Amino acid sequence: MHKPHIGVLGASGLVGSFLIPLLAGTDQRITVFSRRRIHWDIDLISWQPLSAPARETITHWISLFPIWVLPEYGDWLTDCGAKRLVALSSTSCLVKDRSKDPYEREVARKLADGESFLRTWGAARGVDWIILRPTLIYGDGNDKNISEIAAIVNRLGFFPLLGKARGKRQPVHAQDVAAACAAALDATHVVNRAYNLTGGETLTYREMVVRVFDNLGRKPMLPSFPEWIFALALSGLRVIPRYRHWTMAMVQRMNRDLVFDSSEAVHDFGYAPREKFLIKRYRK
Ligand SMILES: NC(=O)c1ccc[n+]([C@@H]2O[C@H](COP(=O)([O-])OP(=O)(O)OC[C@H]3O[C@@H](n4cnc5c(N)ncnc54)[C@H](OP(=O)(O)O)[C@@H]3O)[C@@H](O)[C@H]2O)c1
């Protein structure tokens, strides 16, 4: 059967670093569109700037950039000949809309608006869409979530928790998210649906941090602090640009379950995340 040429948006991020080699192994032509030039040393992969129209019709697309960016590229995708699009969103849109923190509510709103755009645009332009909502994504030491925990452990030798930190988590590996994108694009019987993508293991926030200690070869040190200590520490940290979006809401969520169901993705397109959380060795 003829394999379609695939266009990929946002491939320079963590998920893209797993998706592109995966797609390359399927013998399909891939064109990666991004603002900055990316070079892949793989024959079937080419790069084009996101500013110019595609040089030929591309019907099948995977979007890895934040879903709220998609509206900017709706006309562009139509001009490229898009007929089927898999786009990553986030389970944050299902939980952060009720956050006490205005920044988090804004993120949830932007995600919801991006999803809503895709539904409307897809219906108007005759483009089949699939939205995939991963939970917290981790990689092999190069993500922005578990790497931050590892960095704190390395710097302080301990990791501060609020209370017992028993909120449940389902971290998902970026490679499993990449595989889900490819499988969903391929599953032609699946159209106009949104799916959650969770990791294969559900564990508490505390257990997740203990796993990071284990990974770093350190004895777990998890002292519990009251909220006011976190509030004080955050007020100091937030003047540093890298930490400006760290909030008390994030701290309080240590005790809140963030659990989702991805059985529909398993059933509909064979989603198969790895069973265990963590991880190749993180840097010390
Ligand atoms: N990290 C998590 O825990 C998590 C959880 C759930 C869902 N997600 C979602 O999963 C997806 C993949 O995550 P990721 O970390 O691999 O990707 P990412 O770093 O958030 O974004 C991937 C790429 O998108 C491009 N991009 C970003 N903003 C853009 C804009 N305004 N216009 C054009 N291009 C833009 C950038 O590429 P160039 O600069 O090269 O153009 C960037 O490298 C994202 O949609 C993210 O929202 C992440």
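Order of listing sets the numbers, starting from 1, for every ligand and every atom in it. Only a predicted model underlies this, so the values are computations on that prediction, with no experimental measurement involved.
At under 3.5 Å, not a single nitrogen or oxygen of Leu50, backbone or side chain, sits near a nitrogen or oxygen of ligand 1. By the 3.5 Å distance cut-off applied to N or O atoms, Glu72 is not counted among the residues near ligand 1.
Under a 4.0 Å heavy-atom criterion, Thr91 is not in contact with ligand 1. In this structure, Tyr73 counts as a contact residue of ligand 1, since one of its heavy atoms falls inside 4.0 Å of the ligand. In this structure, Ser89 has a heavy atom closer than 4.0 Å to ligand 1.
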Before giving the answer on side-chain contact (heavy atoms from CB on, under 4.5 Å), spell out for His173 and Asp140 the whole-Å C-alpha distance, their side-chain angles and the decisive distance to 0.1 Å. CA-CA 8 Å; His173 196 287; Asp140 296 328; 2.8 Å; yes
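Between Phe33 and the choices Tyr73, Trp47, Trp61, the ring-ring contact (aromatic ring centres under 6.0 Å, His included) rule is met once, by Trp61. Of the candidates Arg55, Glu56, His5, Gln48, Thr31 forms a side-chain hydrogen bond (donor to acceptor under 3.5 Å, both in side chains) with just one, namely His5.
Distance screen at 4.0 Å: atom 18 (P) of ligand 1 has no protein heavy-atom neighbour inside the cut-off. By the definition of a contact as any protein heavy atom under 4.0 Å away, atom 46 (C) of ligand 1 is not in contact.
The residue from Asn145, Leu70, Ile137 that puts a heavy atom closest to atom 8 (N) of ligand 1 is Ile137.
Counting heavy atoms closer than 4.0 Å to ligand 1, residue Ala174 contributes nothing at all.
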